[in-house]
Q: 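Encoded as structure tokens, here's the structure I'll be asking about.
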2 protein chains.
Amino acid sequence: MKLINEYKNTQTVEVEQLPKYIGETVTIHGSIYKIRKMKGFSFVLLRTKRNVLQCIAEEQLELPVEESCVRIRAKVVEEERCRAGYELHIQQIEVLSVPAEASPIVINQKLVDTSIENILDYRPVILRNEKQRAIFKLQEGICQAFRTFLMKEQFTEIHTPKLVQAGAEGGANIFQLNYFGQEAYLAQSPQFYKQMMVGVFERVFEIAPVFRAEKHDTSRHLNEYTSVDFEMGYIRSFEEIMQMETAMLKFTMEYLQEQYQKELDLLGISLPVIESIPAVRFKEAKEMISKAYKRPILDWEDFEPEEEKLLYELISKETGSEFVFVTHYPSVKRPFYAMECKENSEETESFDLLFRGLEITTGGQRIHGYYEQIEKMKQRNMNVELFESYLMMHKAGMPPHGGLGLGLERFTCKLLGYENVRYTTLFPRDINRLVP
Amino acid sequence: MKLINEYKNTQTVEVEQLPKYIGETVTIHGSIYKIRKMKGFSFVLLRTKRNVLQCIAEEQLELPVEESCVRIRAKVVEEERCRAGYELHIQQIEVLSVPAEASPIVINQKLVDTSIENILDYRPVILRNEKQRAIFKLQEGICQAFRTFLMKEQFTEIHTPKLVQAGAEGGANIFQLNYFGQEAYLAQSPQFYKQMMVGVFERVFEIAPVFRAEKHDTSRHLNEYTSVDFEMGYIRSFEEIMQMETAMLKFTMEYLQEQYQKELDLLGISLPVIESIPAVRFKEAKEMISKAYKRPILDWEDFEPEEEKLLYELISKETGSEFVFVTHYPSVKRPFYAMECKENSEETESFDLLFRGLEITTGGQRIHGYYEQIEKMKQRNMNVELFESYLMMHKAGMPPHGGLGLGLERFTCKLLGYENVRYTTLFPRDINRLVP
């Protein structure tokens with residue numbers, strides 16, 4: 001028998017500690033990202049967890065090929081011309097592994113200069129590029145900011161099932177599978193479960209995958225994505241949900257600025273300033289766009305993607321905001337659990353949030369009364385019996401409540417200024433892509 | 001156009017602030033958890049986000065039924081006999097909603113006294129029970145502790161796809177579905193993706209659902225569960241992974257003690273003390289059990305569940321530890337990516353962690369060399385071509401690495417002393433259950 005003690009790194013130094021070791025010799029590990037041969041020496045860029053370090057190797061030192069994994073002994077030398085303020089003078093290299101073949105695609109240039117298909121096909125290696133991986137480090141930061149904010153606001157984190165029974169939210173856009181002889185579906189959202197949990201914890205959130213069998217092949221659709229969902233009880237109106245999202249986004253910008261400045265700099269991102277976010281009613285938005293751009297209104301029930309972009313243009317010109325809430329969507333376009341407006345049942349107490357012209361959030365107040373919910377389902381010719389476990393909470397009593405879902409990849413995409421959501425999805429799934 | 005400002009709660013008071021308001025009148029909201037009529041007044045228990053508050057209502061005040069959602073005006077009165085040190089004297093009740101029917105099952109007693117089937121069938125209401133919900137508040141704490149620890153150790157959080165292509169890890173225990181005419185599978189683990197990401201960030205983790213189509217109907221199997229996965233590069237041996245897990249568990253106990261004492265008290269839990277964790281080799285463990293309990297060894301390749309319990313008994317008697325690592329599992333029982341021992345290829349550099357007699361973690365070092373991995377796959381008669389995108393990372397160079405997966409619900413189950421993992425799963429999925 002042996003005793004396993006807790007992990008303590010005593011043998012190598014982390015990059016963050018290096019400034020303390022100037023003038024000393026340290027052991028550090030990483031991948032050889034790039035070698036640039038000069039006269040009498042080489043620049044060696046060492047890729048570590050979150051950094052790329054400049055090292056110097058004298059020419060007598062034998063260097064392994066790029067993408068070799070190494071442990072080096074090196075002296076930390078002050079160097080003003082380095083962004084870090086120091087560089088490493090390699091004394092010894094221990095080679096831990098070497099690649100079997102050179103990468104089929106160049107990954108160690110400033111920019112990855114290739115098609116999106118290549119970027120996605122070669123994901124496991126492309127992500128080793130300094131800027132490519134910075135996207136996903138920032139995505140971590142966004143999640144962490146959301147979580148930190150929501151926990152501060154006393155939301156409880158939950159884990160709801162992704163395998164669900166027939167019925168669910170319905171619609172054709174749902175993946176189906178055989179579950180031990182029963183029909184099962186992949187959850188399109190945690191909607192039903194997060195509502196149930198409002199009856200338990202009042203405020204809940206979940207960051208987890210959702211699945212949409214949509215056949216769209218566009219720059220903004222994915223068939224699997226990470227949904228940031230929250231749901232809150234005891235609201236006085238659906239405006240409180242928008243206020244909560246506004247606070248969450250504002251907090252997130254501050255959090256990224258504090259904790260992820262390195263990646264923001266690397267990608268050249270300046271974050272949007274959020275003070276308050278303008279909100280326009282859906283109908284008014286349609287009219288504004290029509291009037292400003294002299295476009296006929298063809299569809300009174302939804303936006304065309306082009307209209308979302310034009311609305312952004314209009315609003316940002318008028319208010320400076322890159323975000324805009326669109327409220328009071330038509331009831332016919334909202335799910336059966338959406339709360340209708342008291343003064344006009346053709347409109348709902350709901351909203352979308354557009355960011356730089358793309359819908360990133362859908363939310364709203366839900367029906368909390370049992371009889372009201374049953375009535376609405378009957379109007380829609382739904383089979384109420386299929387929803388017995390969902391309606392159990394309404395029957396047992398629910399506070400007025402609502403919430404939202406935000407697409408993590410879409411938000412990251414717009415924040416970082418990409419045109420295709422696949423760039424900001426680690427391993428995207430679309431109608432043509434299931435690999436890698 | 002309207003401007004939405006960030007959320008600020010100015011109208012009601014949070015429970016945590018109440019001690020500051022002693023002697024004053026506040027507005028607070030919640031569900032009426034329980035009414036106990038006394039002579040001339042009633043005790044009213046108000047369920048809020050994380051607490052159950054004792055309130056007093058004079059008999060002239062009309063009370064709505066239990067599980068009504070209310071907003072009350074109440075005076076905060078010092079009261080030594082209350083655990084909180086104060087109680088609320090209700091002055092006014094605003095009823096926000098009332099249940100349509102009384103709950104079919106009693107939820108407001110100290111213990112929920114019913115079968116596990118009822119507990120699961122009535123999940124949306126049962127979870128409103130103070131102790132039932134405390135289980136999942138603690139589960140939040142466990143996740144949060146893991147994340148806090150892993151980020152402190154510079155692991156990057158990732159989101160990997162759950163829809164994967166044919167091949168994957170193989171085996172019969174995999175759910176299959178039609179993905180736009182292609183065969184797709186639900187990921188049994190993020191194994192391949194987390195390995196790829198070690199090549200990018202060196203250390204990564206994910207907390208996300210995994211899917212197993214196992215037909216077992218036992219107290220410890222689920223068909224969907226939350227897997228806590230981490231993977232780390234540049235390890236010197238697989239012992240470092242066990243050390244990291246030891247540190248993570250130790251940190252988690254301290255974190256729960258600090259942040260979730262309320263729920264620990266409510267459930268009467270005393271947390272295990274973790275200093276170091278004993279490790280025994282698989283073969284030695286088999287022999288120890290056989291010798292101590294005079295059992296013949298029927299299977300040299302795996303444990304019987306009974307043996308896991310006996311090993312716990314033996315180890316805890318001998319060392320006091322409720323955890324035990326079992327190391328060097330036979331190669332035949334480990335996946336094709338498991339690193340074999342240099343001195344004996346029939347054993348792997350792998351481990352399981354048993355907690356109170358139940359396996360909660362499987363981990364180990366992985367093969368990082370391309371040719372070595374190809375060779376092993378060929379030995380196993382696998383079609384190497386199907387794994388092209390997986391092998392891309394090996395070809396491009398990988399550091400020595402390994403990691404583990406921990407079942408969140410199993411860990412919670414054992415930590416809280418339940419006998420069936422369904423008790424600590426929010427909405428369990430098993431061979432017979434897909435609802436609620």
Side-chain angles (χ1 to χ4, degrees), chain A residues 1-7 29 49 67 69 96-97 99-101 103 124-125 127-128 133 140 154 156-157 159 161-163 165 175 177 180 184 196 200 202 209 224 226 234 242-244 246-247 250 276-280 325 368 370 389 392-393 395-397 399 426-427 429 431 434-436, chain B residues 1-7 29 49 67 69 96-97 99-101 103 124-125 127-128 133 140 154 156-157 159 161-163 165 175 177 180 184 196 200 202 209 224 226 234 242-244 246-247 250 276-280 325 368 370 389 392-393 395-397 399 426-427 429 431 434-436:
Chain A
M1 200 181 306
K2 200 170 180 172
L3 285 178
I4 305 295
N5 292 306
E6 65 181 305
Y7 179 82
H29 62 231
K49 296 183 189 76
E67 289 303 309
C69 295
L96 303 173
S97 73
E101 284 177 23
S103 169
V125 287
L127 289 170
R128 298 181 183 188
R133 72 173 187 169
E140 166 196 78
Q154 294 187 278
T156 294
E157 187 184 14
H159 301 279
K162 306 309 158 202
L163 288 168
Q165 209 198 30
F175 288 110
L177 72 155
F180 305 114
M196 291 175 195
V200 176
E202 188 186 315
E224 175 179 353
T226 306
Y234 297 92
M242 295 192 281
Q243 289 168 350
M244 193 61 86
T246 303
K250 199 171 140 87
S276 56
I277 296 180
V280 281
F325 284 114
H368 60 275
Y370 177 66
S389 74
M392 201 184 288
M393 65 170 161
K395 213 187 263 180
L426 199 59
F427 295 98
R429 294 294 175 253
I431 189 163
L434 196 51
V435 178
Chain B
M1 201 182 305
K2 200 168 178 172
L3 285 178
I4 305 296
N5 291 307
E6 66 181 305
Y7 179 82
H29 61 233
K49 296 183 189 76
E67 289 302 310
C69 294
L96 302 172
S97 74
E101 285 177 22
S103 169
V125 287
L127 290 169
R128 298 182 182 186
R133 72 174 187 168
E140 167 196 76
Q154 296 188 276
T156 294
E157 188 185 11
H159 301 279
K162 306 310 158 200
L163 289 168
Q165 209 198 30
F175 289 110
L177 72 156
F180 305 113
M196 291 175 195
V200 176
E202 188 186 316
E224 175 179 351
T226 306
Y234 296 93
M242 295 192 281
Q243 289 168 350
M244 192 61 87
T246 303
K250 199 171 141 86
S276 57
I277 297 180
V280 280
F325 285 112
H368 61 275
Y370 177 67
S389 74
M392 200 184 288
M393 65 172 161
K395 212 186 264 180
L426 199 59
F427 294 98
R429 294 294 176 252
I431 189 164
L434 198 50
V435 177

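Each chain gets a letter, A, B and so on, in the order the sequences are listed, and its residues count up from 1.
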Q: How far does NZ of Lys162(B) sit from OG1 of Thr226(A), to the nearest 0.5 angstrom?
A: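 So the gap between those two atoms works out to 8.5 Å.
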Q: If I measure from the heavy atoms of chain A, does Phe427(B) come under 4.5 Å with its side chain, its backbone, both, or neither?
A: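 It is both, since atoms from each part get that close.
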Q: How are the rings of His29(A) and Tyr234(B) set to each other: parallel, tilted or perpendicular (split at 30° and 60°)?
A: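 His29(A) and Tyr234(B): parallel rings.
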Q: Are Ile4(B) and Ser276(A) packed together at the side-chain level, in the sense that at least one heavy-atom pair is separated by less than 4.5 angstrom?
A: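 No, too far: nothing below the 4.5 Å cut-off.
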Q: Against chain B, label Lys2(A) side chain, backbone, both or neither, depending on which of its atoms sit under 4.5 Å from a heavy atom there.
A: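 Looking at Lys2(A), backbone and side chain both touch chain B.
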Q: Side chain from CB out, backbone as N, CA, C, O: work out which of these in Pro399(A) comes under 4.5 Å of a heavy atom of chain B, or both, or neither.
A: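 Backbone plus side chain of Pro399(A), per the 4.5 Å heavy-atom cut-off to chain B.
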Q: Heavy-atom distance under 4.5 Å to chain A: side chain of Tyr370(B), backbone, both or neither?
A: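 When you check distances to chain A, only side chain atoms of Tyr370(B) fall under 4.5 Å.
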Q: Looking at Leu127(A), Leu163(A), Val125(A), Thr246(A), which one has more heavy-atom pairs under 4.5 Å with chain B than the rest?
A: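 Option with the greatest count: Leu163(A).
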Q: Are Val200(B) and Arg133(A) close enough, and set up right, to give a side-chain contact (heavy atoms from CB on, under 4.5 Å), and what steps lead you there?
A: CA-CA 7 Å; Val200(B) 176; Arg133(A) 72 173 187 169; 3.5 Å; yes
Q: Tell me, side chain or backbone of His368(A) under 4.5 Å from chain B's heavy atoms, or both, or neither?
A: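 Side chain only.
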Q: Which bit of Lys395(B) is near chain A, if near means a heavy-atom gap under 4.5 Å: side chain, backbone, both or neither?
A: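 Both parts, heavy atoms under 4.5 Å.
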Q: Side chain from CB out, backbone as N, CA, C, O: work out which of these in Glu157(A) comes under 4.5 Å of a heavy atom of chain B, or both, or neither.
A: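 When you check distances to chain B, atoms from both the backbone and side chain of Glu157(A) fall under 4.5 Å.
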